[in-house]
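Notes follow the structure.
One-based numbering, in listed order, for ligands and for the atoms of each. Worth saying up front: this structure is predicted, and the values here are computed from it rather than measured.
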Amino acid sequence: MCALETTDPPVPRAVTKTKAPKVGFVSLGCPKALVDSERILSQLRAEGYETAADYAGADVVVVNTCGFLDSARAESLDAIGEALAENGRVIVTGCLGAEAQTIRDVHPNVLAITGPHQYEAVVNAVHSAVPAPHDPFVNLVPPQGVKLTPRHYAYLKISEGCNHRCSFCIIPRLRGDLVSRPAADVLGEAERLVRAGVRELLVISQDTSAYGVDVKYRESEWRGRAVPARITDLAAALGELGAWVRLHYVYPYPHVDQLIPLMAEGKVLPYLDIPFQHASPRILKAMKRPAAEAKTLQRIRDWRIAVPELTIRSTFIVGFPGETEQDFRQLLDWLEEAELDRVGCFRYEAVQDALANALPNAVPEEVKEERWHRFMAAQQIISARRMQQRVGKDIAVIIDEVDGEQALGRSMADAPEIDGSVYLPAGKGAKKLKAGTVLTARVTRADEYDLWAEPV
Ligand code: SF4
């Protein structure tokens with residue numbers, strides 16, 4: 001079960017508080033699913049439901065599933081099974097919910113199944129399972145909503161769905177085409193988060209650079225001015241709020257170049273999470289991704305000239321159908337030239353219903369495994385080299401937790417959960433720090449992923 005930090009609002013003395021129904025929540029999958037969970041919980045909390053800390057204390061359990069990879073689908077089905085065994089009253093939502101029959105085949109006794117971002121349908125299903133309480137004094141929810149992340153950072157979802165059709169991906173089928181939120185809604189939510197103590201906003205979507213394409217960059221009013229629903233305008237406006245702004249899932253469109261000046265000006269963090277997936281033009285074409293690897297190398301060079309401290313994170317797939325040893329070597333050579341800072345690598349997985357499964361020349365599992373290890377070993381050397389360049393420099397660090405006298409934080413180059421950490425050793429003022437503190441520290445040591453630093 002998810003650990004939820006919920007502070008009950010005070011109950012006026014003259015009023016007897018009726019027992020609020022309790023909802024258990026299991027949130028699986030990516031940060032986008034986490035934001036969906038937060039939205040559902042915020043709505044339920046606003047209606048007076050409480051959150052149960054365990055299965056036994058819940059009147060009903062909502063399982064927010066992931067359906068991206070077969071392994072995630074299996075995990076989701078297991079989580080539903082566990083909730084049924086432990087509690088018995090289960091509502092399923094999220095990506096796997098788009099395949100109601102798959103769920104019913106395994107778990108015929110779930111109370112209701114709703115698909116991804118069907119917030120209203122989930123909430124209605126909860127109403128049917130456990131009626132909402134009628135106590136106006138519990139109809140209170142913090143203005144920033146209920147967050148599942150620590151208080152000092154929060155994910156900010158700017159759109160749903162995706163207009164691309166990458167051949168290995170079923171997200172557009174699960175989540176539909178791109179639907180962007182109005183800029184004023186996103187900015188309003190960001191303002192509430194910052195007022196509530198959030199120091200770092202993590203902008204997420206399936207395709208952050210496409211933000212607003214579906215609504216033709218429609219303007220909406222924020223702080224008395226019109227803000228277009230365009231990623232550069234949105235990022236610049238978010239940069240006015242005084243929090244760190246980190247952009248995730250930036251598809252490599254040409255107009256990404258326009259985000260670089262915002263990084264140079266310090267409006268958004270010098271951090272680009274940009275999935276390249278491969279470097280062989282043949283494989284990129286089969287993936288239905290932009291195949292301009294040489295141009296991309298030049299763009300990376302230009303970005304680094306404009307913003308020398310830029311961190312580039314990316315993800316790749318090895319063992320895609322038809323990938324030859326030559327394609328793979330091309331990828332390794334490209335990686336060596338690109339010198340990316342942070343890299344994730346997946347072995348190709350034949351996700352059910354993905355178009356790529358029909359491509360010829362599937363790569364045997366042992367070859368995928370071998371390529372994955374070679375890829376990771378090559379990147380480890382690059383990462384270590386990049387990290388060593390930071391030793392001796394003064395960097396900004398945001399503290400995530402303090403344990404005794406040791407503090408654990410992240411630099412601007414580290415997104416929560418997926419990147420490295422900065423260790424601030426015992427003494428040297430570390431115990432005065434708390435989660436959310438931003439300070440300057442001098443890097444004393446580095447390995448492939450993490451840094452050690454002393455506050456200055
Ligand atoms: S851009 Fe991302 S979400 Fe969209 S189809 Fe490609 S991999 Fe899937």
Side-chain angles (χ1 to χ4, degrees), residues 28-36 65-73 94-99 115-117 155-181 202-215 230-231 246-256 259 272-293 296 299 312-323 331 340 342-359 415 418:
L28 303 167
C30 60
K32 288 152 271 195
L34 187 75
V35 172
D36 289 348
T65 58
C66 176
F68 182 39
L69 294 174
D70 287 349
S71 46
R73 297 151 73 88
C95 282
L96 191 60
E99 295 171 39
H117 50 264
Y155 293 101
L156 188 62
K157 195 186 225 179
I158 60 172
S159 61
E160 291 280 5
C162 180
N163 287 348
H164 295 286
R165 295 294 181 265
C166 302
S167 59
F168 54 82
C169 179
I170 55 167
I171 282 178
R173 190 171 68 74
L174 294 175
R175 298 205 156 220
D177 282 341
L178 181 76
V179 179
S180 301
R181 296 174 64 194
L202 303 140
V203 174
I204 57 164
S205 65
Q206 308 298 341
D207 178 3
T208 294
S209 23
Y211 172 66
V213 168
D214 55 314
V215 292
R230 184 184 285 111
I231 188 59
R246 194 183 293 281
L247 303 177
H248 284 287
Y249 313 113
V250 178
Y251 189 87
Y253 290 110
H255 73 262
V256 169
L259 291 167
L272 259 187
D273 174 7
I274 184 160
F276 292 118
Q277 308 298 11
H278 213 283
S280 153
R282 224 175 54 76
I283 297 299
L284 285 166
K285 203 162 162 237
M287 286 177 164
K288 297 191 185 304
R289 306 269 307 178
E293 70 307 328
T296 307
R299 287 172 74 200
I312 305 177
R313 147 168 280 279
S314 191
T315 48
F316 293 86
I317 298 173
V318 294
F320 188 80
E323 183 193 63
L331 171 58
L340 306 181
R342 311 279 190 198
V343 166
C345 181
F346 300 92
R347 304 156 186 87
Y348 176 73
E349 205 177 296
V351 176
Q352 195 187 326
D353 297 331
L355 293 174
N357 298 342
L359 294 173
I418 52 175

So which heavy atom on Cys162 is nearest to which on Pro172, and how close? O-CB, 3.8 Å

Sub-4.0 Å heavy-atom contact, Gln277 with ligand 1: no

What is the distance from atom OG1 of Thr65 to atom CD of Glu99, rounded to the nearest 0.5 Å? 9.0 Å

What is the total of protein N/O/S atoms that are closer to atom 8 (Fe) of ligand 1 than 2.8 Å? 1

Quick one: does His255's side chain have a donor or acceptor within less than 3.5 Å of a partner on Ser209's backbone? yes

Would you confirm whether Arg165, through its side chain, and Ile170, through its main-chain N or O, come within 3.5 Å as a donor-acceptor pair? no

Less than 3.5 Å apart, any donor N or O on the side chain of Asn357 or Tyr348 sitting next to an acceptor on the other? yes

So Phe168 and Phe320, would you call those rings parallel, tilted or perpendicular, with 30° and 60° as cut-offs? perpendicular

Numbered atoms of ligand 1 (with element) below 4.0 Å of Arg289, judged on heavy atoms: 1 (S), 6 (Fe)

Could you tell me if the ring centre of His164 sits under 6.0 Å from that of Tyr253? yes

